[in-house]
Amino acid sequence: MTVVTRFAPSPSGNLHVGGARTALYCWAFARGREGRLVLRIEDTDRKRSSEASSLGFMTDLDWLGIDWDEGPVRGDQGGGDHGPYFQSERLAIYAEHLDRLVAEGKAYHAFDTSEELDAKRKAARQAKEAYRYDRAALALTAEEVAAKLAAGEPSVIRFRTPDAAITIVDEVLGEATLPAGEVDDFVIRKADGYPTYHFAVVIDDAMMGVSHVLRAQEHFNNTAKHIILQDALGLPRPVYGHLSLIFNPDGSKMSKRDKDKVLRTAVKERAIEGPPADPLGAPMVEADVWATWLGDKSVQLDLETLERVAAALDVSLPEINVADFRRSGYLPEVLCNFLALNGWSAGDDLEKFDNTFLAERFHLDRVQKTPAKFDRDKLLAFNLDAIQEMSPDVFHDLASAHAAEFRPEFLERLDQGQFRILCDASRERSKTLDEPFLVNGFLVSADDEIEWAVTKPVRKAMFKGEPTGLELLAQIRPVLEAIPSFDAVSIETAITAFVEAHADGNLGRIAQPLRIAVSGGPISPPIYDTLAILGHAAVSSRIDRCLAVLSELAPSK
RNA sequence: GGCCCCAUCGUCUAGCGGCUAGGACACCAGGUUCUCAACCUGGUAACGGGAGUUCGAUUCUCCCUGGGGUCACCA
């Protein structure tokens, strides 16, 4: 039997890491068994699909190296004989099976209004019981049903759940039995004519030949519904494997809502009254939307707005989506490696591997049952290791591509030679592709924009010692000025000679004042590289300003 | 609350009746260093609790505790 797995997200612009891991496991399972991976779009929710019908997540899959055999066409992947791969385009198929179930008495029309249902749910909640549909619609005679339908009364179709226990066999979790009555008569066709997820999934998995369903553990209870539906429809049952969830370090479920949560908390803590204004002075968010969002945890701002507001308020949002990690400068192969490790292990002490290895070794019996907390520190460490293993050329190319997309100012301000020095100086100390830019903003600042905060290390480097750092800085300025060719080697030669003559060979005595003068703070790449990148004019100019500014602030002797 | 599932260092995990309970990240100490990193050496650190089964339980069974999932005309 051919192994067929599927990744079946609802349409969205962004893939979050939990989904990415599911996709990766589905991919690995199929690839390791000469099987196929189907990508199917679950867009049976008209509301959501119309709001965000973006397929942006496919970009994320591409970036991660997760390719699919069947599904929406993108580049040279996708297509296939089992389409269409959008559920919204398969309505006729579902309708046929739906009619059959109703005709066979295995499903029935129900006319309850959502108000009635809500009231009953609320009552169950108060009675501390699990809500189950009460089969009110079954009290209707066939004539009554026909009349209501003829009158055009809105209705749904519910599946008539057999009164029996349901056993789920799961390759990860083992076997579990839900007692009879646990699953109620759930809706399989909504009032708008669309099938519910449960119904569409069962039909599609069967028609697309899916042999193995790997999905998040939150679907575990749904599987019971899918099993009885398969039985009623006479469809084969795929093998199931339910994957544990990915958590935040604090133990909460990692969710796309986390970004809203962080921003909302920041706004409340700082007692910010209204939404920040955009550069033109207009509020970034409508006042009423803002108020609703602030007061209701279940309300989300759209991602773009959320990020704009966060940027305006200088709040850093957690990385949740694959795109977030890309922007932060993680390597796709490292993210895959790390994601794979959250919930699976190779079995020995081997934990650095690529997707090919994963595909070869991935097996369901080594999938962890427990949820994994997402440890960004370890991810960062893996990313650092991968970067350190790169050749300078590769790092330069990747850093350039990253800068082109996320840090264009560096490519604009630095010429190719300067950019190369920055890359070479940064590679072995960078945990991400973004770090060279993130920590070296002073390189692209205007010379007269540098500001000096008199922190402890600055005080020590500039004001202490005999002579003081400031005095040494003043002394070395003409030495640097006199260097004919301002490259790292010449700079080193000049500074070394100066240090021997004036600072007892202690490079730190002069490197720190220089570093502070040109960068505004005590941190920068190696000093010779830093000066070389900045160039002759910028270095002189910055030293002059630094001397002027800090002399004013120096403690009087 | 009902139902279902789960449980090894702080974190990700190895272990599948007998191990000084292993690795990785983090952390701590020392070294190296022009800053920050990185790097090198060493170290601290876990089987949630209680009953069984067994010559012997981290490993098997039960109970407790703790954690999670789910209870939509969302997926």
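Quick note on labels: first sequence line is chain A, next is B, and so on, each numbered from 1.
With rounding to the nearest 0.5 Å, the separation of CG in A:N321 from CG in A:L303 is 6.0 Å. Distance CZ/A:R215 to NE2/A:H242: 4.5 Å, rounded to 0.5 Å.
Within the nucleic acid shown, A:P371 comes within 4.0 Å of sugar-phosphate atoms alone, with no base atom in reach, counting heavy atoms only. Using a 4.0 Å heavy-atom criterion, one finds that A:L350 contacts no nucleic acid atom at all. Residue contacts for A:G347: at a heavy-atom cut-off of 4.0 Å it reaches the sugar-phosphate backbone alone, with no base atom in range. Within 4.0 Å (heavy atoms only), A:R366 reaches sugar-phosphate atoms of the nucleic acid but no base atom. In this structure, A:G343 reaches the sugar-phosphate backbone alone: every heavy-atom distance under 4.0 Å involves primed, P, OP1 or OP2 atoms, never a base.
Checked options A:F220, A:Y197, A:F199; the residue passing with A:H226 is A:Y197 (criterion: ring-ring contact (aromatic ring centres under 6.0 Å, His included)).
Of the charged side-chain nitrogens involved, none lies within less than 4.0 Å of a carboxylate oxygen, so that A:D504 and A:R509 do not count as a salt-bridged pair. Between A:R361 and A:D348, at least one side-chain nitrogen of the basic residue sits less than 4.0 Å from a carboxylate oxygen of the acidic one, meeting the salt-bridge criterion.
Taking atom P on both B:C60 and B:A14, the two are 14 Å apart, rounded to the nearest angstrom. B:A26 and B:U41 are spaced 15 Å apart, taking the P atom of each and rounding to whole Å. When the P atom is compared between B:G43 and B:U59, the two are found 29 Å apart, to the nearest whole Å. With P as the reference atom, B:U20 and B:A7 are 25 Å apart, rounded to whole Å. Taking atom P in both B:C9 and B:A45, the straight-line distance is 14 Å, to the nearest Å. Between B:C63 and B:C27, the two C1' atoms lie 37 Å apart (nearest whole Å). Across the C1' atoms, B:C47 and B:G10 are found 15 Å apart, a figure rounded to whole Å. Rounded to a whole angstrom, the distance from the P atom of B:C12 to that of B:C5 is 22 Å.
By the 30° and 60° cut-offs, the orientation of the rings of A:F186 relative to A:F159 is tilted. Ring planes of A:W344 and A:F362: tilted class, angle from 30 to 60°.
Nearest to the side-chain atoms of A:A176 among the listed nucleotides B:C12, B:U35, B:C4 stands B:C4.
With both pairing distances under 3.5 Å, B:G66 is matched to B:C6 as a Watson-Crick or G-U wobble pair. Pair check for B:G1 finds B:C71; Watson-Crick or G-U wobble, both atom distances under 3.5 Å.
Atom NZ in A:K456 sits roughly 16 Å away from atom P in B:U35 (whole-Å rounding). When the C1' atom of B:U13 is taken as reference, atom CD1 of A:I246 falls 15 Å away, rounded to whole Å. Summarising the geometry, the separation between CZ on A:R429 and P on B:C36 is reported as 10 Å, rounded to the nearest angstrom. A:D529 has its CG atom 14 Å from the C1' atom of B:C36, to the nearest Å. Per the geometry, CZ belonging to A:F442 stands 15 Å off P belonging to B:U35, to the nearest Å. Distance CZ (A:F374) to P (B:U13): 12 Å, rounded to an integer number of Å. Atom CD in A:E389 sits about 14 Å away from atom C1' in B:C39, given to the nearest Å. Separating the CG atom of A:D250 from the C1' atom of B:G68 is a distance of 14 Å, rounded to the nearest angstrom.
Put simply, A:Q126 has no side-chain N or O that comes within less than 4.0 Å of OP1 or OP2 on B:G1. At the phosphate of B:A14, OP1 or OP2 sits under 4.0 Å from a side-chain N or O atom of A:S345. Dashed line: the shortest gap from a side-chain N or O of A:Q368 to OP1 or OP2 of B:A14 is under 4.0 Å.
Nearest-nucleotide mapping onto RNA chain B: of A:S244 and A:T177, the residue sitting toward the 5' end is A:T177.
Under the side chain to side chain donor-acceptor pair (under 3.5 Å) criterion, A:E492 pairs with no residue at all, not counting sequence neighbours. Remark: A:T432 pairs with no residue by the side chain to side chain donor-acceptor pair (under 3.5 Å) rule, at least two apart or across chains. Under the side chain to side chain donor-acceptor pair (under 3.5 Å) criterion, A:K352 pairs with A:D385, not counting sequence neighbours.
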Residues A:N337, A:F353; criterion side-chain contact (heavy atoms from CB on, under 4.5 Å); working and verdict: CA-CA 6 Å; A:N337 183 175; A:F353 49 76; 3.6 Å; yes
Every protein N/O lying under 3.5 Å from an N/O of nucleotides 25-34 of chain B:
| residue | atom | partner | partner atom | Å |
| --- | --- | --- | --- | --- |
| B:C25 | O2' | A:K378 | N | 3.2 |
| B:C34 | O2 | A:R515 | NH1 | 3.2 |
| B:C34 | O2 | A:R515 | NH2 | 2.8 |
| B:C34 | N3 | A:I527 | N | 3.4 |

List, with names and distances, any nitrogen or oxygen atoms from the protein found under 3.5 Å away from nitrogen or oxygen atoms belonging to nucleotides 57-61 of chain B.
none

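Checked by atom type, the side-chain pair A:H396/A:D424 shows no donor-acceptor distance below 3.5 Å. Side-chain atoms of A:S524 and A:T530 form a donor-acceptor pair, as typed in the model, at a separation below 3.5 Å.
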Let me have a per-nucleotide readout for nucleotides 69-75 of chain B, 5' to 3', with B, S or -, counting only protein heavy atoms under 4.0 Å. BSBSBBB
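Ring pair A:F374/A:F325: centre-to-centre distance below 6.0 Å.
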